[in-house]
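Data first, discussion second: the structure below is written as structure tokens.
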Amino acid sequence: METKQLGKTSVFVSAIGLGGMPMSIYNRPPESKSISVIHQALDLGVTFIDTADSYCKDESDKHHNERLIHQALATYKGDVSHVVVATKGGLMRPDGNWTRNGNPEHLRQTIRVSFEALGGNKPIDVWQYHSPDPNYTIEESLAPVKEAVEAGLIRFVGVSNFSVEQIQRARDVVDIVSVQNQYSPWQRQPETDGVLKYCEQEGLTFLPWSPFGGSRRHHSLQDIPAIATLAKEKGVSVYNIVLAWLRSKSPAILPIPGASQISSIEDSVRAINVKLSQEEVQKIDRATLTS
Ligand SMILES: NC(=O)c1ccc[n+]([C@@H]2O[C@H](COP(=O)([O-])OP(=O)(O)OC[C@H]3O[C@@H](n4cnc5c(N)ncnc54)[C@H](OP(=O)(O)O)[C@@H]3O)[C@@H](O)[C@H]2O)c1
């Protein structure tokens, strides 16, 4: 599997990762099945797994996805020492809804629980602030994160759903290695809001979330003719075309496609070998501006 440098660190991870969310929210599969999905991803060379404290059904089930990933890694037959798990904190799931919580005390506590949920025997590889909470300044919310880095609970820090100005403020508090914002054929804001360019210039890894539009929308990729036609011509899936399109946008990009089925991650990693010409990329660009 092709690898990519994580930010400017000495760590290299697979150029396509795995998003853990579909294995822990509504309609999730049985845990044994999810563990097989993660094991298959590892067999295929995936060494970057994205998760969050909030990938669960509701508050009573918090940290479900982190515990699942830990269990999968602990029961894997091969070497997992090079696998990077990137978790997040800063969202709550009251009654299954999503709300922000950047209260420094809450973040201090959830980092501690994430640390334990992921095994408790080494620092969290990457901890990402999930989404800025307007009730607290970025400096206030990231203060406990800096403390956790200094205390050896976190190795690297990332941010998510941040603007360029917010990333800059975060970097004044603590070293940042990655930025995770929404980027898909239906959401191309990173191309115009400066975040993708900034990541590229500053050596930050950009993790596009919901690259296929998420669990509810991914089936509609078939309905974008430019994508469906290219997939047919190349004999690959529409998912492969979207991942190749995203990867063509910037060397900073490391997609984290979600999966709850083995066939999904098996197909997604095949995108590593799919290359698009500039003309093909532009064809998708034109089609997705209007779709
Ligand atoms: N930072 C944030 O605010 C934020 C927000 C949302 C997501 N995320 C992260 O981003 C990751 C990816 O986003 P996402 O999971 O929401 O959506 P996504 O990756 O756009 O789509 C995931 C869905 O697409 C299906 N799929 C994936 N690859 C496929 C393939 N090759 N063939 C057929 N179907 C395929 C999966 O189906 P099956 O389930 O049937 O396998 C899955 O339900 C998440 O898992 C999470 O880690 C972050």
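Since the model is a prediction, treat every value here as computed from it, not as a measurement.
Annotation: side chain of Ser220 is in contact with side chain of Trp186 (closest heavy-atom distance under 4.5 Å). Two residues are said to be in side-chain contact when any heavy atoms from C-beta on lie closer than 4.5 Å; Ser184 and Phe212 fail this criterion. Residues Phe162 and Tyr129 form a side-chain contact, since some pair of their non-hydrogen atoms from C-beta on lies under 4.5 Å apart. By the 4.5 Å heavy-atom criterion applied to side chains, Pro94 and Asp58 are not counted as neighbours. Side chains of Tyr183 and Pro255 form no contact here, defined as non-hydrogen atoms less than 4.5 Å apart. In this structure, Asp50 and Leu18 have side chains that are not in contact, with every pair of non-hydrogen atoms separated by 4.5 Å or more. Looking only at side-chain heavy atoms (C-beta outward), Asn240 and Ser237 come within less than 4.5 Å of each other. Two residues are said to be in side-chain contact when any heavy atoms from C-beta on lie closer than 4.5 Å; Arg155 and Ile124 fail this criterion.
Phe206 and Val177 fall into different hydrophobic clusters, where Ile, Leu, Val, Met, Phe, Trp and Tyr side chains are chained together by heavy-atom contacts under 4.5 Å. Note: the hydrophobic cluster containing Val80 also contains Ile16 (ILVMFWY, side chain heavy atoms under 4.5 Å, direct or indirect links).
Side-chain atoms of Arg217 never come within 3.5 Å of backbone atoms of Gly213 as a donor-acceptor pair (strictly under, hydrogens ignored). Thr47 places no side-chain N or O within 3.5 Å of a backbone atom of Val83 that could act as its donor or acceptor partner. Between the Gln166 side chain and the Ser163 main chain, a donor and an acceptor come within less than 3.5 Å of each other. Checking side-chain atoms of Ser248 against main-chain N and O of Trp245 turns up a donor-acceptor pair under 3.5 Å. Side-chain N or O atoms of Thr51 include none that pairs as donor or acceptor with a backbone N or O of Gly20 at under 3.5 Å. Arg67 contributes a side-chain N or O that, together with a main-chain N or O of Lys62, makes up a donor-acceptor pair within less than 3.5 Å. Between the side chain of Thr192 and the main chain of Gln189, a donor-acceptor pair closer than 3.5 Å is present. Between the side chain of Arg100 and the backbone N or O of Pro132 there is at least one donor-acceptor pair closer than 3.5 Å. No donor-acceptor pair under 3.5 Å is formed between the side chain of Thr110 and the backbone N or O of His106.
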Evaluation steps, salt bridge (Lys or Arg N to Asp or Glu O under 4.0 Å), between Glu266 and Arg270: CA-CA 7 Å; Glu266 277 178 344; Arg270 285 199 279 268; 5.6 Å; no
Pair Asp43-Lys77, side-chain contact (heavy atoms from CB on, under 4.5 Å): steps then yes or no: CA-CA 10 Å; Asp43 282 350; Lys77 59 187 178 335; 3.4 Å; yes
Apply side-chain contact (heavy atoms from CB on, under 4.5 Å) to Ile154 and Val145, showing your working. CA-CA 8 Å; Ile154 293 174; Val145 181; 4.1 Å; yes
side-chain contact (heavy atoms from CB on, under 4.5 Å) between Met23 and Leu68: does it pass, once the steps are laid out? CA-CA 9 Å; Met23 291 182 276; Leu68 186 75; 3.9 Å; yes
Run the side-chain contact (heavy atoms from CB on, under 4.5 Å) test on Leu221 and Val242 for me, step by step, so that the C-alpha distance in whole Å, both residues' side-chain angles and the decisive distance to 0.1 Å come before the verdict. CA-CA 9 Å; Leu221 287 174; Val242 171; 3.8 Å; yes
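Side chains of Thr288 and Arg188: a donor on one and an acceptor on the other come within 3.5 Å. A donor atom on one side chain and an acceptor atom on the other are found under 3.5 Å apart for Asn135 and Asp133. Side-chain contact check for Gln182 and Ser210: no donor-acceptor pair (N or O, by modelled atom type) lies under 3.5 Å. Side chain to side chain, Glu66 and Ser114 meet the donor-acceptor criterion of an N or O pair below 3.5 Å. Side-chain contact, Glu200 with Ser250: a donor N or O sits under 3.5 Å from an acceptor N or O.
The residues Arg169 and Asp172 are annotated as not salt-bridged, no charged nitrogen and carboxylate oxygen being separated by less than 4.0 angstrom. Between Lys8 and Asp175 no salt bridge is recorded (no basic side-chain N to carboxylate O distance below 4.0 Å). A salt bridge links Arg247 with Glu2: the distance from a Lys NZ or Arg NE/NH1/NH2 to an Asp or Glu carboxylate oxygen falls below 4.0 Å. Salt bridge Lys57/Asp95: absent, no basic N to carboxylate O contact under 4.0 Å. Using a 4.0 Å cut-off between charged nitrogen and carboxylate oxygen, Glu280 and Lys234 count as a salt-bridge pair. Note on Lys249 versus Asp285: salt bridge recorded, some NZ/NE/NH1/NH2 to OD/OE distance being below 4.0 Å.
Put simply, CD1 on Ile284 and CG on Leu230 are 5.0 Å apart, with the number rounded to the nearest 0.5 Å. In this structure, the separation between CG on Leu91 and CZ on Arg93 is 8.5 Å, given to the nearest 0.5 Å. The structure places NE2 of His39 at 7.5 Å from OH of Tyr76, a figure rounded to the nearest 0.5 Å. Taken to the nearest 0.5 Å, the CZ atom of Phe12 stands 15.5 Å off from the CE atom of Met1. Between the CG atom of Leu207 and the SG atom of Cys199 there is a distance of 9.0 Å, given to the nearest 0.5 Å. Atom CG of Asp267 is separated from atom OH of Tyr239 by 8.5 Å, given to the nearest 0.5 angstrom.
Considering His63, His130, Met92 as possible partners of Ser54, the one that fulfils the side chain to side chain contact (heavy atoms under 4.5 Å, CB included) test is His130.
Around atom NE2 of His82, more than 12 heavy atoms belonging to other residues, nucleotides or ligands sit under 6.0 Å away.
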